[in-house]
S.K.: 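One structure, pasted below without further comment.
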Amino acid sequence: MGVALRNILGEYREEMELENLRGTVAVDAFNALYQFLTIIRQPDGTPLMDSEGRVTSHLSGIFFRNINFLEKGIRPAYIFDGAPPDLKTETVARRREVRDAAGERWKEAIARGDIGEAYKQARASARIDDAMIASSKRLLDLMGIPWMVAPSEGEAQAAFMARQGDVGAAASQDYDALLFGTPRLVRNLTVSGRRKVRGRSVTVRPERIDLSAVLAGLGLSRAEFIEVGILTGTDFNPGIRGIGAKTALKIVRAGKFQETVQEKAPDFDPGPVREFFLSPPVTEGYRLDWNKPDRDGIVAMLCEEYAFSEGRVDAALQKIGTKAGQKTLGDWF
DNA sequence: CTACGCTA
DNA sequence: TAGCGTAGG
């Protein structure tokens with residue numbers, strides 16, 4: 001998923017508390033939905049569902065997470081992917097195969113009563129469908145949180161908005177947003193908090209990565225940084241066998257990108273991938289307006305349609321000063 | 001994921 | 001009151 005740049009970016013990650021984040025952030029919506037969908041599950045892998053079997057994990061995630069964002073002075077805008085570029089066709093197909101196979105193994109694991117394996121495979125089989133996307137957008141509207149559909153990749157649009165200064169950062173788990181040129185990337189925004197990793201309880205904090213620090217530290221221009229990404233592989237090209245982030249870094253620093261591609265992958269033309277990262281399809285046609293949450297609308301949707309507990313929903317809304325019959329926002333905006 | 005109830 | 005396990009939908 002995304003680029004395998006973790007190995008060379010470690011020292012540029014700055015952990016921080018959610019409380020200290022504040023400001024506006026363009027959230028990669030598919031990335032966030034995917035995380036909610038993989039994480040909010042029962043021990044056997046079954047996602048939260050209403051009585052009609054419609055998945056509601058993503059709605060739970062969006063609702064409670066955004067309440068916390070608003071409460072802490074973080075104003076998110078959600079950026080959905082538009083049509084994937086042709087360069088991504090193979091990646092999309094491969095992911096679908098992997099998910100479908102995991103879906104099969106989930107069923108098998110359930111059948112033999114292997115709960116642990118079922119959970120693992122269920123997570124790997126998580127898929128975002130049209131109904132989830134539509135219900136997510138509806139809930140965001142009711143919460144007064146802006147969203148938009150990008151012309152192409154959501155991360156590219158989020159990076160563009162951050163570069164324009166319209167948001168303080170792009171939020172995603174993937175490092176691609178840095179290749180798209182976001183000045184600041186926030187990771188772990190939608191997954192921070194207490195998590196269980198191999199039986200142990202750990203605290204996952206949001207982390208910030210500044211592109212300028214990365215480029216200065218690695219001694220690369222942005223174009224060269226993109227070359228490192230291309231060598232290791234991105235959503236838009238498979239990368240070159242046997243070349244990890246550290247080797248790629250050496251190659252690019254030595255000015256041997258072109259030479260290496262010609263030698264190891266003579267049929268691969270990196271031009272279109274480089275061009276896609278440098279100037280992806282993006283739009284200036286957006287307005288980021290944060291409005292008052294519509295309490296009654298939220299209750300009607302979550303509680304009446306999707307069987308959420310009104311007590312829980314109300315308690316959450318009260319944290320941001322939204323009570324029954326009242327639409328006051330308080331001091332946040 | 002978050003909320004909540006239970007335990008020390 | 002903090003920490004932990006589990007329900008939520």
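Just so we're on the same page: letters track the sequence lines, and every chain starts at 1.
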S.K.: With A:Arg54 as the cation and A:Tyr306 as the aromatic partner, state whether NZ or CZ is under 6.0 Å from the six-membered ring centre and within 45° of the axis.
M.R.: yes
S.K.: Measure CD1/A:Ile39 against P/B:dC1 and give the value in whole Å, please.
M.R.: 5 Å
S.K.: Round to a whole Å and report the spacing from CG of A:Asn66 to C1' of B:dT2.
M.R.: 13 Å
S.K.: Base, sugar-phosphate or nothing for A:Gln35? Non-hydrogen atoms, less than 4.0 Å.
M.R.: nothing
S.K.: May I ask you to say what A:Pro43 touches in the nucleic acid, namely base, sugar-phosphate or nothing, with a heavy-atom cut-off under 4.0 Å?
M.R.: nothing
S.K.: Of the options B:dT2, C:dG9, C:dG8, whose atoms approach the side-chain atoms of A:Ser60 most closely?
M.R.: C:dG8
S.K.: Compare side-chain N and O positions of A:Arg312 against OP1 and OP2 of C:dG8 and report whether any pair is under 4.0 Å apart.
M.R.: no
S.K.: When we call it a touch if two heavy atoms are under 4.0 Å apart, what does A:Ser309 touch: a base, just sugar-phosphate, or nothing?
M.R.: sugar-phosphate
S.K.: For the atom pair CE (A:Met132) and OG1 (A:Thr56), what is the distance rounded to the nearest 0.5 Å?
M.R.: 9.5 Å
S.K.: Grab the CD1-P distance between A:Ile67 and C:dG8 for me, whole Å please.
M.R.: 20 Å
S.K.: Assign the ring pair A:Phe180 / A:Phe276 to parallel, tilted or perpendicular, where the plane angle (0 to 90°) is split at 30° and 60°.
M.R.: perpendicular
S.K.: What's the shortest heavy-atom distance between A:Ala159 and A:Ala177, and which atoms?
M.R.: CB-O, 3.8 Å
S.K.: Under 4.0 Å between a side-chain N/O of A:Lys319 and OP1 or OP2 of B:dA3, yes or no?
M.R.: yes
S.K.: So which of A:Leu249, A:Ile226, A:Ile8 actually passes side chain to side chain contact (heavy atoms under 4.5 Å, CB included) with A:Leu220?
M.R.: A:Leu249
S.K.: Categorize A:Thr38 for me: base, sugar-phosphate, or nothing, with a 4.0 angstrom heavy-atom threshold over every strand shown.
M.R.: nothing
S.K.: Using whole Å, report how far CZ of A:Arg41 lies from P of C:dG8.
M.R.: 18 Å
S.K.: Taking atom P of B:dT2 as reference, at what distance in whole Å does atom CG of A:Leu317 sit?
M.R.: 16 Å
S.K.: How close or far is atom P of B:dC1 from atom OH of A:Tyr119, stated in whole angstroms?
M.R.: 9 Å
S.K.: Once you round it to whole Å, what is the distance between P of C:dT6 and CD1 of A:Ile40?
M.R.: 18 Å
S.K.: C:dG9 P sits how many Å from A:Ile62 CD1, rounded?
M.R.: 16 Å
